[in-house]
Structure formats: C-alpha cells, structure tokens
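Comments concern the structure below.
We count residues from 1, following the sequence as given. We use all heavy atoms of the structure for the numbers below, so side chains are in, but hydrogens, waters and symmetry mates are not.
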Amino acid sequence: MTQRPVLVVLFDGVQSLDVTGPVEVFAGASHFAADAYPIRTASLDGAPVRTQSGLRLAADTSLAGAAPPHTLLVPGGEGSLEPDPRLVDWLREHAPRARRLVSVCTGALLLAEAGLLDGRRATTHWAFCDQLARRHPGVEVDPDPIFVRDGHLATSAGVTAGIDLALALVEEDLGRDAALTIARHLVVFLRRPGNQAQFSAQLAAQTARREPLREVQRFISEHPSADLSVETLAARASLSPRHFARAFQAETGTTPGRYVERVRLEHARRLLEDTGGGVHEVARASGYGTSEAMRRAFVKALGTPPAEYRRRFHVPPLPAP
C-alpha cells in the first residue's frame with residue numbers, strides 16, 4: 001500500500017476542527033488500509049499552539065524539521081487572518097514541494113499570502129471570500145462550493161467542509177468503500193460533492209422580515225411539487241404578483257423563481273442520495289414534472305445528470321444488525 005504522509009501546519013489561533021476533522025478522516029483511512037496516511041503536526045518552533053477556542057495542541061516537530069509530505073494540510077482560524085510572516089515565508093518556500101496542497105477554511109488566506117493561489121481557482125469560508133478576492137485579485141475565488149479542486153491544489157469552505165474534502169481525497173486514493181467506511185464510523189454522510197453550495201437554499205437566501213413572505217418560504221420548502229408560480233405564491237401572501245415579486249427579492253435577496261429552483265434542486269438531490277425512487281418519480285416529487293426538465297436543471301447547476309449524480313453520491317442503507 002502506497003503511503004501518503006500528511007503534514008498538518010499548526011499556529012496560534014488555529015481552528016481546532018480544521019485540524020481534527022481531516023485528521024480523523026486520514027487516521028480512519030489508515031485503519032482501513034494500514035498506515036496509508038502517516039500524520040505529523042508541525043508548528044514554527046515545534047512548540048504547542050493555542051487554538052482560537054483556547055485548546056492547546058502539541059506539535060510533533062518544527063516546520064523547519066519536517067520532511068516534505070505527500071499532502072500538506074493548512075487549516076484556518078483567527079491566526080490565519082494576521083499571520084506570522086515566518087509562517088508565510090515557510091509556506092512560500094516549502095509548500096510547492098508537497099504533491100498535494102490542501103487548505104481548510106481560511107487556510108486559503110495563508111496560501112494566498114504566500115502567492116500559492118495566484119492564477120488558481122479556490123474557495124474559503126463564505127464570510128472571507130470577499131476578503132480573499134479583494135486582497136488577492138490574482139485568485140479566482142468561487143464563493144459557492146464547499147470545496148474546489150484545481151490540479152494538486154484543494155481548498156475548502158468552513159470547518160465541516162474540511163471533512164468532506166478529506167473524504168473526497170480518500171475516495172480518490174483508496175476507493176469509495178474506504179471513504180464510505182470512514183464516513184460511517186464518523187457518523188457523517190459520504191455524499192456532499194465539491195460543487196454543493198456552502199448554504200442550503202433556505203440559508204442561501206435571507207429570511208423575509210414579514211410573516212406572509214416567511215410563510216411563502218416555508219410553503220415552498222415543504223411543497224416543492226406544488227404549483228409555485230409567482231401568481232400562486234403572490235395569492236398566498238395576499239399581494240399582487242408584481243408587488244410580491246418586488247417584495248420577495250427585496251427581503252430575501254433573490255427572486256421567487258430562483259428560490260424555487262434552489263429548493264427543488266436541493267429536494268431532488270436529497271431524494272437521489274437517500275432513496276431508491278426512480279428518476280422520473282424524483283422529478284415529479286421535486287416539482288420538475290418530467291425527468292428531462294430535472295436533467296436540464298442538474299446539468300446547469302451541478303454539471304452532471306441525475307442518474308450520474310445518484311451513481312456517485314447515493315448512500316446505501318446500513319446493513320441490519
């Protein structure tokens with residue numbers, strides 16, 4: 001079995017889950033395939049670091065004494081926002097030697113400071129995407145996905161997205177069965193594709209201030225297969241269609257039609273991931289009417305048709321005890 005040593009960079013103010021989430025995935029993979037991912041942690045001077053939540057993490061070694069890894073994992077946290085210049089210098093010199101460069105959350109800001117994201121597509125936590133784009137215009141920042149792959153570079157969004165990315169890397173290295181076994185042990189789902197939005201449809205849109213519009217949002221989410229035309233939704237809110245459309249966009253930041261599209265896509269994805277219903281059945285239940293309409297929506301939003309999406313992300317039920 002090929003070993004892929006993992007080196008995790010530690011620094012004061014690191015987000016502990018950015019470290020422990022991916023580490024648990026890689027450690028689980030080593031139990032599945034003996035010692036597949038030898039893991040070491042390293043800080044600038046080899047000293048323990050204090051995470052942003054106050055926990056102390058011990059480093060195995062100093063960055064200067066660390067051997068070049070297969071996978072270099074750069075977590076985020078408050079300490080990445082105003083980083084120690086020595087850490088940036090080390091990344092600039094040593095990170096290109098890794099065969100795979102991975103960041104979690106605002107770890108992407110560290111990579112960008114070191115010039116390692118110039119000309120590359122990347123993401124980070126949604127709250128820092130604008131900052132990343134503003135400070136580093138040479139980076140193609142994509143604020144939507146939970147993780148982005150660009151050659152040997154992989155960047156992910158907030159803390160739990162680091163687990164999704166690590167599982168995707170294990171699946172790439174060792175196969176789906178290994179990744180699925182780890183996901184089950186960690187009680188997480190092996191199903192979130194990198195291009196899944198950082199927010200659900202409900203979270204991506206603002207919650208309307210007025211109760212009639214909030215009730216419309218709830219109705220859409222609970223009845224994706226219903227008639228969700230502007231005229232029908234406006235009637236539920238006791239508004240004219242024109243007034244409703246303007247008010248909905250003003251209060252949620254998106255149009256009624258776009259909101260309905262997001263909810264239906266999310267509903268269809270969940271059915272494909274969690275159930276065995278046929279594609280046509282899923283299309284009807286999600287409000288698409290026809291499987292062809294759903295196929296067009298999936299290809300437009302996710303770049304893959306529903307059948308292929310199910311093949312890749314359907315999680316079979318756990319065997320009965």
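Arg264 and Tyr288 share no donor-acceptor pair across their side chains, judged by distance under 3.5 Å alone. Using modelled atom types and a 3.5 Å distance limit, the side chains of Ser53 and Thr51 yield a donor-acceptor pair. If you check the side chains of Thr106 and His125, you find no donor sitting under 3.5 Å from an acceptor. Between the side chains of Asp45 and Ser62, no donor-acceptor pair is found at a separation under 3.5 Å. The closest side-chain donor-acceptor pair between Thr123 and Thr155, if any, does not fall under 3.5 angstrom.
Residues Asp18 and Gly76 share a closest heavy-atom pair of OD2-N, 2.9 Å. Taking all atoms of both residues into account, the shortest heavy-atom contact from Ala59 to Ala47 is CB-O, 3.9 Å. Between Val263 and Ser221, the shortest heavy-atom contact is CG1-CA, 3.8 Å.
In this structure a side-chain-to-backbone donor-acceptor pair under 3.5 Å is present from Ser80 to Gly77. Checked by atom type and distance alone, the side chain of Glu251 pairs as donor or acceptor with a backbone atom of Arg210 at under 3.5 Å. Of the possible polar contacts, one joining the Thr41 side chain to the Asp60 backbone as a donor-acceptor pair under 3.5 Å is found. A donor-acceptor contact shorter than 3.5 Å links the side chain of Arg310 to the backbone of Leu272. In terms of modelled atom types and a separation under 3.5 Å, the side chain of Thr124 and the main chain of Cys105 share a donor-acceptor contact.
To the nearest 0.5 angstrom, Leu111 atom CG is 11.0 Å from Asp118 atom CG. To the nearest 0.5 Å, the span separating CZ on Phe244 from CG on Leu213 amounts to 6.5 Å. Note that OG of Ser16 is 7.5 Å distant from CD of Gln52, once rounded to the nearest 0.5 Å.
Val74 and Val88 end up in different hydrophobic clusters when Ile, Leu, Val, Met, Phe, Trp and Tyr side chains are linked at under 4.5 Å.
In this structure, Asp89 pairs ionically with Arg92, as a charged nitrogen and a carboxylate oxygen lie closer than 4.0 Å. For Arg262 and Glu266, the salt-bridge test fails: no basic side-chain N is under 4.0 Å from an acidic carboxylate O. Ion pairing of Lys300 with Glu261 is absent here, as no side-chain N (NZ or NE/NH1/NH2) approaches a carboxylate O to less than 4.0 Å. A salt bridge links Arg121 with Asp142: the closest approach of a Lys/Arg side-chain nitrogen to an acidic carboxylate oxygen falls below 4.0 angstrom. Remark: Arg120 does not engage Glu140 in a salt bridge, criterion side-chain N to carboxylate O under 4.0 Å. At a threshold of 4.0 Å, the pair Glu308-Arg311 counts as salt-bridged, since one of the basic side-chain nitrogens sits closer than that to a carboxylate oxygen. For Glu281 and Arg284, the salt-bridge test fails: no basic side-chain N is under 4.0 Å from an acidic carboxylate O. Salt-bridge check for Arg100 with Asp173: passed, with a basic side-chain N closer than 4.0 Å to an acidic carboxylate O.
In the displayed structure, Arg242 atom CZ is contacted under 6.0 Å by at most 12 heavy atoms of other residues, nucleotides or ligands. More than 12 heavy-atom neighbours from other residues, nucleotides or ligands sit within 6.0 angstrom of CZ on Arg218.
A side-chain contact (heavy atoms from CB on, under 4.5 Å) with Leu73 is found for exactly one of Leu165, Val104, Leu7, Val9, namely Val104.
Relative ring orientation between Phe248 and Tyr259 is described as perpendicular, the plane-to-plane angle rising above 60° on a 0-90° scale split at 30° and 60°.
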